[in-house]
Amino acid sequence: MACCSIHLVVNFGLGSCFRYYQLQTSQSVELIKSYSRTDLGYSNSDLLATIILSPQLILGVNVELANNRHIIDLFSLTNNFSHLKRIDFNNPCPLDLVTSLRDYTWLCKSHWPSDDCLCLIESDGQVNKCSPVQLDGYILTLKLSKHRSFIVLIRTVNKLPKEIDANELNRIDQQEEEEPVIRGRKREVIGKLPGNLLLEIYKVN
């Protein structure tokens with residue numbers, strides 16, 4: 001689901017149904033409208049996964065089309081879920097929405113198993129890689145602070161080999177030293193977490 005202020009959108013069954021609610025009180029919600037896949041222009045084989053709602057009431061949706069192509073679609077809640085834009089990219093890999101920023105921009109990360117790249121989708125649909133353009137490990141989770149000033153992420157120290165015994169996971173790189181701070185970035189590495197993970201903070205410019 002995605003929520004902003006009194007607006008709530010719930011995604012049922014990977015897009016089989018979208019329901020748009022408005023929150024009235026702590027104990028009541030009002031169903032504004034319900035939309036099926038076909039209402040939004042998709043086939044029954046298309047999968048609608050992550051959804052993000054911006055302060056401008058634009059809904060961003062990660063979609064896997066029937067031909068395995070990954071896209072991001074943007075819809076306007078204030079205009080009855082009208083389709084605003086399709087962002088289509090598979091080179092070098094598709095992107096997953098993380099959060100909206102300001103001025104109609106979106107923060108994304110590369111799609112698993114290549115979760116090592118952060119990108120900004122500008123208001124005109126242009127996709128720009130953030131610096132650093134590539135991290136050594138997988139991005140496991142990423143959040144934006146309340147006032148959209150800081151990005152906090154947790155990642156692995158580095159990527160796993162393509163073939164590895166599951167019993168070896170806990171012993172990978174346990175003695176590895178922390179990498180240096182990336183030059184030119186306002187970044188703070190808080191330290192290694194249990195399971196050999198790193199917590200990092202980035203300033204949003």
Side-chain angles (χ1 to χ4, degrees), residues 1-91 93-112 115 117-130 139 141-151 204-205:
M1 63 181 176
C3 187
C4 182
S5 183
I6 65 169
H7 305 276
L8 171 67
V9 180
V10 181
N11 176 8
F12 292 86
L14 292 176
S16 62
C17 177
F18 273 73
R19 291 181 184 170
Y20 171 34
Y21 299 90
Q22 287 188 1
L23 309 177
Q24 304 299 318
T25 69
S26 60
Q27 297 179 338
S28 67
V29 296
E30 178 185 358
L31 176 62
I32 304 301
K33 197 159 185 180
S34 180
Y35 301 86
S36 67
R37 276 194 185 94
T38 53
D39 291 334
L40 299 178
Y42 299 103
S43 73
N44 288 330
S45 300
D46 297 333
L47 303 179
L48 285 65
T50 306
I51 60 174
I52 304 291
L53 187 58
S54 77
Q56 298 84 13
L57 299 186
I58 296 175
L59 185 73
V61 184
N62 270 111
V63 183
E64 182 180 343
L65 300 176
N67 59 4
N68 293 323
R69 193 158 49 102
H70 290 259
I71 60 171
I72 292 175
D73 276 336
L74 303 180
F75 296 89
S76 171
L77 260 67
T78 57
N79 195 16
N80 296 321
F81 267 70
S82 61
H83 187 261
L84 298 177
K85 187 173 297 184
R86 169 161 290 184
I87 302 164
D88 188 355
F89 39 78
N90 273 315
N91 187 19
C93 64
L95 297 177
D96 292 330
L97 283 171
V98 174
T99 187
S100 66
L101 295 176
R102 46 184 174 263
D103 300 326
Y104 298 90
T105 59
W106 301 81
L107 179 68
C108 304
K109 66 181 179 64
S110 51
H111 188 73
W112 179 267
D115 285 339
C117 176
L118 297 179
C119 295
L120 284 177
I121 299 177
E122 305 293 347
S123 57
D124 60 359
Q126 179 70 32
V127 179
N128 295 318
K129 287 185 179 180
C130 301
I139 300 171
T141 186
L142 186 153
K143 298 295 181 182
L144 200 64
S145 65
K146 178 179 178 181
H147 299 293
R148 302 173 184 267
S149 300
F150 295 95
I151 297 170
V204 177
N205 296 322

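If you're wondering where the values come from, they're calculated on a predicted model, not measured in any experiment.
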What closest approach, in Å, do [X] and [Y] show between heavy atoms, and which atom pair accounts for it?
X      : Y      : result
Ser145 : Ser149 : OG-N, 3.2 Å
Gly60  : Leu97  : C-CD1, 3.4 Å
Pro55  : Cys4   : CA-SG, 3.7 Å

Quick one: are [X] and [Y] in side-chain contact, heavy atoms under 4.5 Å?
X      : Y      : value
Ser100 : Ile58  : no
Ile72  : Trp106 : no
Leu144 : Leu101 : yes
Leu14  : Leu48  : no
Asn11  : Val61  : no
Leu107 : Leu142 : yes
Thr50  : Asp96  : no

Checklist entry - Hey, are Arg37 and Asp46 close enough for a salt bridge, meaning a charged N less than 4.0 Å from a carboxylate O? => result no
Supply the atom-to-atom distance [X] [atom1] to [Y] [atom2], rounded to the nearest 0.5 angstrom.
X      : Y      : atom1 : atom2 : answer
Leu8   : Gln22  : CG    : CD    : 10.0 Å
Tyr42  : Leu47  : OH    : CG    : 11.5 Å
Asn128 : Leu118 : CG    : CG    : 13.0 Å
Gln24  : Ile6   : CD    : CD1   : 6.5 Å
Leu74  : Lys85  : CG    : NZ    : 7.0 Å

Item to check | Check: Asn62 side chain, Leu95 main-chain N or O, donor-acceptor pair, under 3.5 Å | outcome: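 Confirmed, Asn62 side chain pairs with Leu95 backbone.
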Checklist entry - Does Tyr35 have any side chain to side chain contact (heavy atoms under 4.5 Å, CB included) partners at least two apart in sequence or in another chain, and if so, which? => result Phe18, Lys33, Asp39, Leu40, Asn80, Phe81
Item to check | Thr38-Ser36 side chain donor-acceptor pair, cut-off 3.5 Å | outcome: yes
Item to check | Step-by-step side chain to side chain contact (heavy atoms under 4.5 Å, CB included) determination, Leu23 to Cys3 | outcome: CA-CA 10 Å; Leu23 309 177; Cys3 187; 4.2 Å; yes
Checklist entry - Should Leu59 and Tyr20 be marked as a side chain to side chain contact (heavy atoms under 4.5 Å, CB included) after you check the CA-CA gap, both sets of side-chain angles, and the distance that decides it? => result CA-CA 11 Å; Leu59 185 73; Tyr20 171 34; over 6 Å; no
